[in-house]
Amino acid sequence: MEQQLKLDLEELRHLQSIAKRPRVISFLASEICDLDAKFATVTAAAAATQRAEVSVEKAPFDSGAVNRSYATLGTFSWDQDNDKIKIYISIEGADQEKVDAVFKPMSVDIKLHDIHEKNYRFYIPKLNKEILPDKCKLVVKPTKVIVTLVKVSKGNWLDLHFKEDKLKPNLGQEKDPMAGIMDLMKNIYEEGDDEMKRTIAKAWSDTRSGKTADPLKNYP
């Protein structure tokens with residue numbers, strides 16, 4: 001467009017130089033004035049755009065935007081129905097425009113930026129079961145953030161986090177059955193409360209001291 005205006009101006013000035021009649025000369029002068037003003041505006045806009053592009057190309061890399069530090073959001077509540085999970089994170093000052101939410105089939109990663117000059121993160125690296133990322137969503141409220149996870153399979157979750165079934169002994173043919181039972185007892189001990197641990201510890205102690213018959217002594 002800039003080049004076309006320049007050519008038009010040159011032709012109008014040429015016509016003005018050869019015109020004889022005062023009315024034609026006046027008309028051409030008016031057109032040249034208007035076109036010259038338009039040409040100046042277009043030229044200035046093009047120059048400003050070029051300067052902006054150069055500025056962007058030379059802008060320093062903001063390493064802070066990548067290497068942000070995050071405080072972990074470990075306190076939350078959640079509930080569920082047959083189809084979905086809802087997680088409630090209590091926090092004030094969150095901005096919907098400054099929230100990054102990444103949903104994957106087995107994980108959730110929520111990053112909240114610039115809340116009272118701090119960044120926060122809620123992260124579950126491995127969920128209890130699979131979710132549908134495309135259907136999950138996040139909503140920011142004045143005093144909390146609500147995360148909705150949609151289940152792949154309907155049903156009840158015992159926990160948000162994935163947990164292996166430690167109480168299931170491995171009694172495969174290639175493994176000593178006694179070792180599998182001992183693993184089971186150890187897992188029960190580790191998962192139990194203080195009273196359970198004292199009871200199991202006393203039973204083992206009594207068995208080793210001969211006070212109580214070993215219940216596994218006659219195991220084939």
Side-chain angles (χ1 to χ4, degrees), residues 44-168 170 183-184 186-197:
T49 301
Q50 186 176 8
R51 286 195 299 271
E53 290 174 350
V54 171
S55 176
V56 170
E57 291 175 357
K58 293 184 178 180
F61 177 73
D62 184 7
S63 60
V66 176
N67 300 320
R68 288 190 176 103
S69 60
Y70 293 88
T72 301
L73 287 167
T75 302
F76 61 93
S77 60
W78 66 286
D79 61 19
Q80 64 178 313
D81 57 28
N82 208 35
D83 300 304
K84 59 185 178 291
I85 300 279
K86 282 199 173 185
I87 303 171
Y88 304 92
I89 305 170
S90 296
I91 189 167
E92 294 185 9
D95 185 343
Q96 186 85 42
E97 299 299 322
K98 295 182 180 180
V99 176
D100 292 332
V102 178
F103 300 105
K104 295 183 179 180
M106 285 295 291
S107 68
V108 177
D109 193 359
I110 309 296
K111 293 179 180 178
L112 311 173
H113 300 119
D114 301 330
I115 301 178
H116 308 303
E117 300 182 353
K118 284 188 176 182
N119 303 308
Y120 296 88
R121 186 182 188 189
F122 175 83
Y123 180 47
I124 300 180
K126 193 169 185 180
L127 290 163
N128 188 294
K129 296 179 183 179
E130 283 191 275
I131 60 173
L132 297 170
D134 293 343
K135 295 186 177 181
C136 297
K137 64 180 181 179
L138 178 147
V139 177
V140 174
K141 299 288 185 179
T143 60
K144 60 187 172 183
V145 172
I146 303 174
V147 182
T148 302
L149 308 179
V150 179
K151 302 174 182 177
V152 168
S153 302
K154 294 183 178 182
N156 188 62
W157 288 20
L158 298 179
D159 199 340
L160 285 180
H161 297 265
F162 175 82
K163 289 185 178 180
E164 294 185 8
D165 189 359
K166 293 183 178 180
L167 297 180
K168 184 178 180 180
N170 185 357
D183 287 343
L184 172 61
K186 288 178 181 178
N187 286 327
I188 293 175
Y189 180 84
E190 291 174 358
E191 296 289 336
D193 57 18
D194 291 343
E195 183 64 28
M196 175 65 73
K197 289 179 179 179

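None of the values given here were measured: they were computed from a predicted structure.
Residue pairs meeting the ring pair (Phe, Tyr, Trp, His ring centres under 6.0 Å) criterion with at least one partner in residues 75-98, sequence neighbours excluded, are Phe76-Phe122. Pairs passing the side-chain hydrogen bond (donor to acceptor under 3.5 Å, both in side chains) check and including a residue from residues 137-151, sequence neighbours excluded, read Gln80-Lys151.
Annotation: the span from Leu73 atom CG to Ile110 atom CD1 amounts to 10.0 Å, rounded to 0.5 Å. Of the inter-residue distances, the one linking Leu132 atom CG with Glu130 atom CD reads 8.5 Å to the nearest 0.5 angstrom. For the atom pair Leu149 CG and Leu127 CG, the distance stands at 6.5 Å (nearest 0.5 Å). The CD1 atom of Ile115 lies 3.5 Å from the CD1 atom of Ile91; values are rounded to the nearest 0.5 Å.
Asp83 pairs by the side chain to side chain contact (heavy atoms under 4.5 Å, CB included) definition with Asp81, Lys154, not counting sequence neighbours. Contacts of Lys118 classified as side chain to side chain contact (heavy atoms under 4.5 Å, CB included), with partners at least two apart in sequence or in another chain: Tyr120. Residues that satisfy the ring pair (Phe, Tyr, Trp, His ring centres under 6.0 Å) test with Phe162, not counting sequence neighbours, are absent from this structure. With sequence neighbours excluded, no residue satisfies salt bridge (Lys or Arg N to Asp or Glu O under 4.0 Å) with Asp134.
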Next item on the list: Evaluate side-chain contact (heavy atoms from CB on, under 4.5 Å) for His161 paired with Ile124, printing each intermediate quantity in order.
Entry: CA-CA 7 Å; His161 297 265; Ile124 300 180; 3.7 Å; yes
Notebook entry, point to check: Should Val139 and Val145 be marked as a side-chain contact (heavy atoms from CB on, under 4.5 Å) after you check the CA-CA gap, both sets of side-chain angles, and the distance that decides it?
Noted result: CA-CA 6 Å; Val139 177; Val145 172; over 6 Å; no
Atom pairs and distances, side-chain donor-acceptor, residues 92-100, under 3.5 Å, sequence neighbours left out:
{"from": "Asp95", "atom 1": "OD1", "to": "Glu97", "atom 2": "N", "distance (Å)": "2.9"}
{"from": "Gln96", "atom 1": "OE1", "to": "Val140", "atom 2": "N", "distance (Å)": "3.0"}
{"from": "Gln96", "atom 1": "NE2", "to": "Leu138", "atom 2": "O", "distance (Å)": "3.3"}

Below 3.5 Å, can you tabulate the donor-acceptor pairs from side chains in residues 101-109 to any protein atom, sequence neighbours excluded?
{"from": "Asp109", "atom 1": "OD1", "to": "Arg121", "atom 2": "NE", "distance (Å)": "2.9"}
{"from": "Asp109", "atom 1": "OD2", "to": "Arg121", "atom 2": "NH2", "distance (Å)": "2.8"}

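Using a 4.5 Å heavy-atom threshold, the side chains of Val152 and Lys129 count as separate.
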